[in-house]
Each structure stands twice: as structure tokens, then as C-alpha cells.
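Worth knowing before you read on, the calculation uses all heavy atoms, side chains too, and leaves out hydrogens, waters and symmetry mates. Since the model is a prediction, treat every value here as computed from it, not as a measurement.
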Amino acid sequence: AQSVAQPEDQVNVAEGNPLTVKCTYSVSGNPYLFWYVQYPNRGLQFLLKYITGDNLVKGSYGFEAEFNKSQTSFHLKKPSALVSDSALYFCAVRDIGNTGFQKLVFGTGTRLLVSP
Amino acid sequence: GAVVSQHPSRVICKSGTSVKIECRSLDFQATTMFWYRQFPKKSLMLMATSNEGSKATYEQGVEKDKFLINHASLTLSTLTVTSAHPEDSSFYICSARGAGETQYFGPGTRLLVL
């Protein structure tokens, strides 16, 4: 089965500094990788995805992620953090269930706290 | 584009009653919809996958008779929590996927069973 790991429960960064939220994956075959963000008491918002093509993927709100096959990583990055970026971030990978249906497998989430 | 709504956003019910949650894709046709449950400070747990016009596929450990899922059209899926108990209190989130690979999520429904 496909899986992703988010090794950090929380990441703290000062506003204006670059941020990185880490994600590593374990898949058989080519990975379909996603990043989502969740604000308190809300659903998940799609940020970006990697299916194929350029290793650097640009997404919403100035976020980007770099697909690194040799390190099996898909870290989320932003050059300059905003206080409003403070939220819960989930990495996810597409998997095929036992019934043949596609589904997403999520990491445990990383809380990003951006201080003023 | 790709907006998914959920209704209600919050519901409080008495133990033993049933609660229905609606999930709608507002600007695209969702061939597949998903229902998740999220516990506080935890990741999302997939409960079931539903394709329009067919029976839902439940994940292992999810009681299909307790969590009834209907996907009657390409824009609407419903989750009914039958005979709800306090342990069913949770944050329920739906998502929808159209022709592409991306799932778009609803804003979630907070269920509290007293």
C-alpha cells in the first residue's frame, strides 16, 4: 500500500522567513502526490499536486513543492511565510484500494505556526 | 471552480436518533465522492467511497448499516448516521472527484450526539 509520512507534528517559523513542511512517500510505481491545508473547523483546501512533469510544482497562495525521487520526498515550501499561513497541512498520496477504487492516503498532518 | 458544500455545518442530536449530512458538488459533476471522519488533532480516516448510482464501498471496520451512504446523482451524496451515539460525535468531511485526480473537500460537519 502507498503511504506518506510527515515527520514533524509542528513547524514554527517567523513571518517573512521561508518555510518548509516535510513529507516523504513510499509507493510502488509512480506516485500521485498532493498537499492540502486545513483551517480550524473547516474542510481541506487543495494546494497543489504532482502527477508527472516538472519536479517543482507551484500551487495556491504562493506555495510550491519539490518532488525528489531519489529522496522519496515531496516537501512543501514557501519563500516568505505569512501569519495567515498558520494552519494544519496534510500530505497525501493516491492509492488503489482492494476494491479497485482510487483513494487518498493522508499523512498525520503538520501544524504550521507563523509568528508575527 | 471545484466547490463542494456540506449541510449542515453543525448538528446536535439526541442519542438514538438519525442524522443526515448532505454533500454537493456545486460546479462540477462528481463521479466519485468520499466520506471521511476526523478526530481532534488527528488525520482524516476514510470511511467509504461512493460512485454515482452504485453502492458505497466501505473501509474495513466501518459499519455499513450504521453509516448509510447514498450517491443518487452526480452532484449529491448523503451520509446518514443511524441510531447515533455519543461515540459517533466527530467531524465528518466529504470530498468529490470529477474527471481528474484531485479531490475537493467540503467544509465539514461537526456532529455532537448527546
What residues of residues 14-27 of chain A make heavy-atom contacts with chain B at a cutoff under 4.5 angstrom?
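Heavy-atom contacts from residues 14-27 of chain A to chain B are absent.
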
Part of residues 107-115 of chain A lying next to chain B, heavy-atom separation under 4.5 Å
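Against chain B, the residues of residues 107-115 of chain A that fall inside the cut-off (heavy atoms, under 4.5 Å) are Gly107(A), Thr108(A).
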
Honestly curious: do Val4(B) and Tyr92(B) fall in one hydrophobic cluster under the side-chain, below-4.5 Å linking rule?
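Val4(B) and Tyr92(B): separate clusters.
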
Would you mind reporting whether Thr32(B) and Gln102(A) have side-chain heavy atoms less than 4.5 Å apart?
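Side chain of Gln102(A) against side chain of Thr32(B), heavy atoms only: no contact under 4.5 Å found.
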
Indicate yes or no: at least one non-hydrogen side-chain atom of Leu104(A) is less than 4.5 angstrom from one of Leu46(B).
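Answer no - side chains too far apart.
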
How long is the span from the CZ atom in Phe105(B) to the CZ atom in Arg42(A), to the nearest 0.5 Å?
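Separation between the atoms: 14.0 Å.
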
Between Lys103(A) and Thr49(B): side-chain donor-acceptor atoms closer than 3.5 Å
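The answer is no; no qualifying pair exists.
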
Evaluate whether atom NZ of Lys66(B) has more than 12 neighbouring non-hydrogen atoms of other residues, nucleotides or ligands under 6.0 angstrom away.
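More than 12 heavy atoms, drawn from other residues, nucleotides or ligands, come within 6.0 Å of this atom.
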
Crowding at NE2, His7(B) (>12 non-hydrogen neighbours, <6.0 Å):
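Result for NE2/His7(B): open.
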
Which donor-acceptor pairs under 3.5 Å do the side chains of residues 54-65 of chain A make with protein atoms, sequence neighbours left out?
from: Lys58(A); atom 1: NZ; to: Glu64(A); atom 2: OE1; distance (Å): 2.9
from: Tyr61(A); atom 1: OH; to: Gln45(A); atom 2: OE1; distance (Å): 3.1

Please tabulate, for the side chains in residues 28-37 of chain A, all donor-acceptor contacts under 3.5 angstrom to protein atoms that are two or more places apart in sequence or on a different chain.
from: Trp35(A); atom 1: NE1; to: Phe74(A); atom 2: O; distance (Å): 2.9
from: Tyr36(A); atom 1: OH; to: Gln103(B); atom 2: N; distance (Å): 3.4
from: Tyr36(A); atom 1: OH; to: Gln103(B); atom 2: O; distance (Å): 2.6

Where does Arg97(B) contact chain A at under 4.5 Å (heavy atoms): side chain, backbone, both or neither?
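Just its side chain gets close to chain A.
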
Salt bridge present between Glu101(B) and Arg94(A) (N-O < 4.0 angstrom)
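Arg94(A) and Glu101(B): salt-bridged.
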
Could you go through Tyr36(B) and Phe106(A), starting from their C-alpha distance and side-chain angles, then the distance that decides it, and tell me whether this counts as ring-ring contact (aromatic ring centres under 6.0 Å, His included)?
CA-CA 11 Å; Tyr36(B) 294 86; Phe106(A) 286 88; 5.7 Å; yes

Is it the side chain or the backbone of Gln38(A) that comes within 4.5 Å of chain B heavy atoms, both, or neither?
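Interface part for Gln38(A): side chain.
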
